[in-house]
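Have a look at the structure below before the remarks.
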Amino acid sequence: MAADHPTPIFRSEDDLARLPASDRIRYRLVRAGCRHHANDNIAAHIEDGELDELQAEVEARMREVLRSLVIDTEGDHNTNDTARRVAKMFLREVFHGRYVAIPPVTEFPNVERLNELMIVGPVKVRSACSHHLCPILGRVWIGVLPNEFSNLIGLSKYARIVEWIMSRPQIQEEAVTMLANELQDRVKPDGLAIVMEADHFCMHWRGVKDDESMMTNSVMRGAFLKDANLRREFLSLLSKKNA
Ligand SMILES: [Zn+2]
């Protein structure tokens with residue numbers, strides 16, 4: 001544990017510039033007291049050009065992993081370029097949500113004073129588990145009960161926020177809570193409900209090799225907690241949409 005955290009001694013910008021990008025970014029995170037678990041976004045601590053440096057660093061390490069797996073990447077044309085592809089996939093695609101700022105989301109005041117249950121979904125979920133880095137594929141439904149002071153956001157923005165949170169190594173229970181917190185802060189509804197249903201490939205590919213395992217998680221807040229009828233309405237609309 002301790003070895004992973006650099007000692008918080010003062011380093012000049014010149015000292016920092018000599019470090020590998022991952023150490024530089026880690027130094028800033030530790031100095032700022034910022035958690036940097038697999039599903040945390042660290043974009044605020046990454047400077048221009050450093051994502052390219054990280055990608056090169058991951059590529060070099062990935063080459064070592066393949067070497068330790070005793071794969072002849074020089075002789076084998078199939079794995080010749082794998083380290084580069086995997087590094088690019090991690091940083092620019094599947095774990096992108098750790099390294100970039102939240103996509104711009106415009107919030108509108110609720111001028112029409114909408115106060116009816118609104119359901120968004122199913123929104124496609126593409127993620128990976130933090131334990132094995134195996135894919136998680138699924139869907140999420142979001143129920144919002146706005147009040148006159150709520151902010152409204154465009155439907156497509158829900159999908160972009162979902163993508164931003166899910167494209168990190170995740171734990172399903174934590175992912176739905178993160179999504180709920182983000183939407184709660186932005187939309188400020190009277191009630192918020194989220195249901196996520198996903199297929200965890202670490203259950204198929206390894207371990208128990210159970211092909212029937214879908215995991216479902218939900219978060220209910222505000223009016224959805226207090227009002228059983230509202231909760232029922234949401235769940236029944238969701239099963240109709242699902243049919
Ligand atoms: Zn797993």
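Note that these values count all heavy atoms, side chains included, but never hydrogens, waters or copies made by symmetry.
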Checklist entry - Do Y158 and L183 pass the side chain to side chain contact (heavy atoms under 4.5 Å, CB included) test, and can you show the C-alpha distance, the side-chain angles, and the key distance before you say yes or no? => result CA-CA 8 Å; Y158 285 93; L183 293 175; 3.9 Å; yes
Checklist entry - Any side-chain heavy atom of V120 sitting closer than 4.5 Å to one from L155? => result yes
Next on the checklist: Is there a side-chain contact between V219 and L192 in this structure, where contact means two heavy atoms from C-beta onward sitting under 4.5 Å apart?
Outcome noted: no
Checklist entry - Can you check side chain to side chain contact (heavy atoms under 4.5 Å, CB included) on F108 and I153, steps first, answer last? => result CA-CA 6 Å; F108 311 96; I153 62 177; 5.8 Å; no
Next on the checklist: Set out, in order, the CA-CA distance, both residues' side-chain angles and the distance that settles side chain to side chain contact (heavy atoms under 4.5 Å, CB included) for I136 and D199, then state yes or no.
Outcome noted: CA-CA 6 Å; I136 297 173; D199 210 357; over 6 Å; no
Checklist entry - Does L117 reach the side chain of L237, with side-chain heavy atoms less than 4.5 Å apart? => result yes
Item to check | Residues E50, R28: salt bridge by 4.0 Å N-O rule | outcome: yes
Item to check | salt bridge (charged side-chain N to carboxylate O under 4.0 Å, His left out) contacts in which one or both residues fall within residues 75-84, not counting sequence neighbours | outcome: D81-R84
Next on the checklist: Quick check for you: to the nearest 0.5 Å, what is the distance between K124 atom NZ and L137 atom CG?
Outcome noted: 5.5 Å
Checklist entry - Does the side chain of N80 come within less than 4.5 Å of T73's, by heavy atoms? => result no
Which atom pairs, donor and acceptor, lie under 3.5 Å between side-chain atoms of residues 170-178 and protein residues at least two apart or in another chain?
from : atom 1 : to   : atom 2 : distance (Å)
Q170 : OE1    : N39  : ND2    : 3.0
Q170 : NE2    : I165 : O      : 3.0
Q172 : OE1    : H200 : NE2    : 2.6
Q172 : NE2    : M196 : O      : 3.3
Q172 : NE2    : M215 : O      : 3.1
Q172 : NE2    : N217 : OD1    : 3.2
E174 : OE1    : N39  : ND2    : 2.8
T177 : OG1    : E173 : O      : 3.0

Checklist entry - P169 versus R98: any side-chain heavy-atom pair under 4.5 Å? => result yes
Item to check | N151 vs N110 side-chain heavy atoms within contact, under 4.5 Å | outcome: no
Item to check | Common cluster, L225/V195, ILVMFWY with side-chain heavy-atom separation under 4.5 Å | outcome: yes
Checklist outcome for this item: The salt bridge (Lys or Arg N to Asp or Glu O under 4.0 Å) partners of R126 (sequence neighbours excluded) come to none
Item to check | For S167 against E93, the heavy-atom pair lying closest together | outcome: CB-O, 3.9 Å
Checklist entry - What's the spacing between D14 CG and L19 CG if we round to 0.5 Å? => result 11.0 Å
Checklist entry - Rounded to the nearest 0.5 Å, how far does CZ of R92 lie from CD of Q55? => result 4.5 Å
Checklist entry - Can you name the residues that form a salt bridge (Lys or Arg N to Asp or Glu O under 4.0 Å) with E53, not counting sequence neighbours? => result R24
Checklist entry - Just by modelled atom types, is the D15 backbone N or O under 3.5 Å from a matching donor or acceptor in the S12 side chain? => result yes
Item to check | Euclidean distance, L230 CG relative to M220 CE, rounded to 0.5 Å | outcome: 9.0 Å
Checklist entry - Do V162 and I142 touch side chain to side chain, with heavy atoms closer than 4.5 Å? => result yes
Checklist entry - Please walk me through it: do H131 and C202 pass side chain to side chain contact (heavy atoms under 4.5 Å, CB included)? => result CA-CA 9 Å; H131 297 150; C202 55; over 6 Å; no
Checklist outcome for this item: With sequence neighbours left out, the residues meeting ring-ring contact (aromatic ring centres under 6.0 Å, His included) with F201 are H204
Item to check | Atom pair CZ/CD of R67 and E74 - distance to nearest 0.5 Å | outcome: 8.5 Å
Checklist entry - Taking only residues at least two apart or on different chains, which pairs with a member in residues 217-235 satisfy salt bridge (charged side-chain N to carboxylate O under 4.0 Å, His left out)? => result none
Next on the checklist: Please tell me whether W205 and M203 are part of a single hydrophobic cluster in this structure, the criterion being side-chain heavy atoms less than 4.5 Å apart.
Outcome noted: no
Next on the checklist: Through direct or indirect side-chain contacts below 4.5 angstrom among Ile, Leu, Val, Met, Phe, Trp and Tyr, which residues connect to V86?
Outcome noted: I25, L29, I42, I46, L51, L54, V58, M62, V65, L66, L69, I71, M89, F90, L91, V94, F95, Y99, L133
Next on the checklist: Test of understanding: with side-chain hydrogen bond (donor to acceptor under 3.5 Å, both in side chains), list the residues that count as partners of D40, not counting sequence neighbours.
Outcome noted: R35
Item to check | Hydrophobic cluster (4.5 angstrom, side-chain heavy atoms) - remaining members for V70 | outcome: none
Checklist entry - At what distance, to the nearest 0.5 angstrom, does CZ of F224 lie from CG of L235? => result 9.0 Å
Next on the checklist: Using side-chain heavy atoms (C-beta onward) and a distance below 4.5 Å, is F234 in contact with I119?
Outcome noted: yes
Checklist entry - What residue pairs, at least two apart or across chains, pass salt bridge (charged side-chain N to carboxylate O under 4.0 Å, His left out) with a residue in residues 183-195? => result E107-R186, E182-R186
Checklist entry - Could you give all pairs that pass the salt bridge (charged side-chain N to carboxylate O under 4.0 Å, His left out) test and reach residues 54-64, with sequence neighbours left out? => result E59-R63
Item to check | Partner set under side-chain hydrogen bond (donor to acceptor under 3.5 Å, both in side chains) for N41, not counting sequence neighbours | outcome: none
